[in-house]
There are 2 protein chains.
Amino acid sequence: MDYSSETERKIVQAATEVFIQKGKDGARMQEIAHRAGINQALLHYYFRSKDRLYREVFKNEVSRQFRDFFNSVPVTEEMQEFLHSFIHHYIDKLHENPQLIRFILWEIGSGGENFPELFQEIFDSASKISPQSAIEKIKQAVQRNEIRQVDPYNLLFSIIGLCIYTFLAQPLLKKLFPEIDFTANEFIEKRKEEVFNLIWHGIKP
Amino acid sequence: MDYSSETERKIVQAATEVFIQKGKDGARMQEIAHRAGINQALLHYYFRSKDRLYREVFKNEVSRQFRDFFNSVPVTEEMQEFLHSFIHHYIDKLHENPQLIRFILWEIGSGGENFPELFQEIFDSASKISPQSAIEKIKQAVQRNEIRQVDPYNLLFSIIGLCIYTFLAQPLLKKLFPEIDFTANEFIEKRKEEVFNLIWHGIKP
DNA sequence: GTCTATAATAAGATAGAC
DNA sequence: GTCTATCTTATTATAGAC
């Protein structure tokens, strides 16, 4: 994530924007070069090929996404409070870059020519990251009767899914319900509370 | 959706597969032609350009998705029963083609050069389709005290989001939790019940 | 309607000067 | 490190025979 030269930084910055917006196949090296304020030759000088540049960007963004996801929230013992702050923090993070999640899900779904090793790197390098610990936390809450009997895996990605879908659906929702501004801050704030309430009522004992 | 010639049908069939898997930019006319058992010249003879062929496929799939979504489920008055059968039916539909939803969300998110008119067509043509009626149904259930006070928009796409995310996340989940087979039928069955229970507990009075 | 052959162009990548 | 000019290949699209 830290690059020695300023040019390198500008390239990765530009590439990230273009890849996220257009996807790997839709992205054009020319556009990336242009946005970075350089030419294609220099692009290849630094990253050798589109594929390598893409891998760099993808790795950065996925690992950032996971760091945000698992670390951005104060760890509270009590389940209700934890859930509340988690949902608020995560939706805020997603709100900062609504396109990112679409990009990641698309590329992950493209099946992993490169990805097995890539995921290895991400999970190895980020020490605090642990999907397993989230599952454990839920299991314990069930045992302590803090929440009702639920499948921990299903609950975990129900929470994630509700947060993520908020932004995945936005372009469609604008078409379906033009009377509402789904990108407005007030909608996002309301969404947070509605998601929290739905889940909390859904799992409290 | 009905094409005069057999060749036309085969082309659209092949194009649908390729576009869904690779996306618009990643798809290759050569591959589509090959899968349809013809050559590229004939492809252009029928559909003139990649863009037109793509529009045809996209329109078909989106409208099919909406038909399935709004029509595939028996309309029950009682909320709990309706919710249960709706979730089961919709997850079953999505399960038939898990890649489809990723394709649609990606393309919708790509922003609508062509799409405004396209959506018009879809919603005009499909008479039974009505997002508004779903919202109304929820509002009534709230008034009748069948469910607690919730925002109908948020509830509607929370339901949709939970169903959809089941399949969006699959490739990632396989990596995160290799100990579980998320594509197995038993997982899907369990998922249906967990989603229903979460929502129903989440909204019952 | 369907094919082979080919044009036209777009896009990634490199050579070589500075 | 950075640029201009250029090569190579992939990809869409069409011309023209059958």
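Residue numbers start from 1 in every chain, and the chains themselves are labelled A, B, ... in the order their sequence lines are given, proteins ahead of strands.
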S.K.: Take atom NE2 of A/H44 and atom P of C/dG16, then tell me their distance rounded to the nearest Å.
M.R.: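 After rounding, the gap between these two atoms is 17 Å.
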
S.K.: So, using side chain to side chain contact (heavy atoms under 4.5 Å, CB included) as the criterion, who are the partners of B/H95 when residues are at least two apart?
M.R.: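 If we apply the side chain to side chain contact (heavy atoms under 4.5 Å, CB included) test to B/H95, skipping adjacent residues, the hits are B/F167, B/N185, B/I188.
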
S.K.: Which atoms of nucleotides 1-6 of chain D (N or O only) lie under 3.5 Å from a protein N or O atom, and what are those distances?
M.R.:
residue: D/dT2; atom: OP1; partner: A/T7; partner atom: OG1; Å: 3.1
residue: D/dT2; atom: OP2; partner: A/T7; partner atom: OG1; Å: 3.3
residue: D/dT2; atom: OP2; partner: A/Y46; partner atom: OH; Å: 2.7
residue: D/dC3; atom: OP2; partner: A/N39; partner atom: ND2; Å: 3.3
residue: D/dC3; atom: O5'; partner: A/N39; partner atom: ND2; Å: 3.1

S.K.: Please identify each residue that fulfils side chain to side chain contact (heavy atoms under 4.5 Å, CB included) with A/Q99, with sequence neighbours left out.
M.R.: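 Once residues adjacent in sequence are excluded, the partners of A/Q99 under the side chain to side chain contact (heavy atoms under 4.5 Å, CB included) criterion are A/I20, A/Q21, A/N97, A/R102.
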
S.K.: Determine the contact category for A/A33: base if any of its heavy atoms lies under 4.0 Å from a base atom, sugar-phosphate if only primed atoms, P, OP1 or OP2 are that close, otherwise nothing.
M.R.: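 No contact.
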
S.K.: Where the side chain of A/R28 is concerned, which of D/dT11, C/dA11, C/dA13 is the nearest nucleotide?
M.R.: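 Looking only at side-chain atoms, A/R28 lies closest to C/dA11.
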
S.K.: Output the rounded distance in Å from OH (B/Y54) to P (D/dT12).
M.R.: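 In whole Å, D/dT12 P lies 15 Å from B/Y54 OH.
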
S.K.: Who are the side chain to side chain contact (heavy atoms under 4.5 Å, CB included) partners of A/N39, not counting sequence neighbours?
M.R.: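 In terms of side chain to side chain contact (heavy atoms under 4.5 Å, CB included), with neighbours along the sequence ignored, A/N39 is linked to A/A41, A/L42.
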
S.K.: Honestly, is B/K24 close enough over B/F19, meaning NZ or CZ under 6.0 Å from the six-membered ring centre and within 45° of the axis?
M.R.: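 No.
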
S.K.: How long is the line joining CG of B/D51 and C1' of D/dT12, in whole Å?
M.R.: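 Between C1' of D/dT12 and CG of B/D51: 12 Å.
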
S.K.: In whole angstrom, what separates B/Q30's CD from C/dT4's C1'?
M.R.: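 Distance check: B/Q30 CD to C/dT4 C1' gives 13 Å.
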
S.K.: Taking atom P of D/dA10 as reference, at what distance in whole Å does atom NZ of B/K22 sit?
M.R.: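 Spelled out: NZ on B/K22 to P on D/dA10 is 15 Å.
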
S.K.: Which whole-number value in Å describes the distance from B/E31 CD to D/dA10 C1'?
M.R.: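 Rounded to whole Å, this separation is 14 Å.
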
S.K.: For the side chain of B/M29, starting at C-beta, report the closest nucleotide among C/dA13, D/dA13, C/dT14.
M.R.: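 Output: D/dA13.
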
S.K.: With B/K190, which residues qualify under side-chain hydrogen bond (donor to acceptor under 3.5 Å, both in side chains), at least two apart?
M.R.: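 Expected list: A/D151.
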
S.K.: Rounding to an integer number of Å, can you tell me how far B/K50 NZ sits from D/dT11 C1'?
M.R.: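 B/K50 atom NZ is separated from D/dT11 atom C1' by 8 Å.
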
S.K.: Using the test side-chain hydrogen bond (donor to acceptor under 3.5 Å, both in side chains), find all partners of B/Q132 that sit at least two apart in sequence or belong to another chain.
M.R.: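 Checked B/Q132 against side-chain hydrogen bond (donor to acceptor under 3.5 Å, both in side chains); matches are A/E179.
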
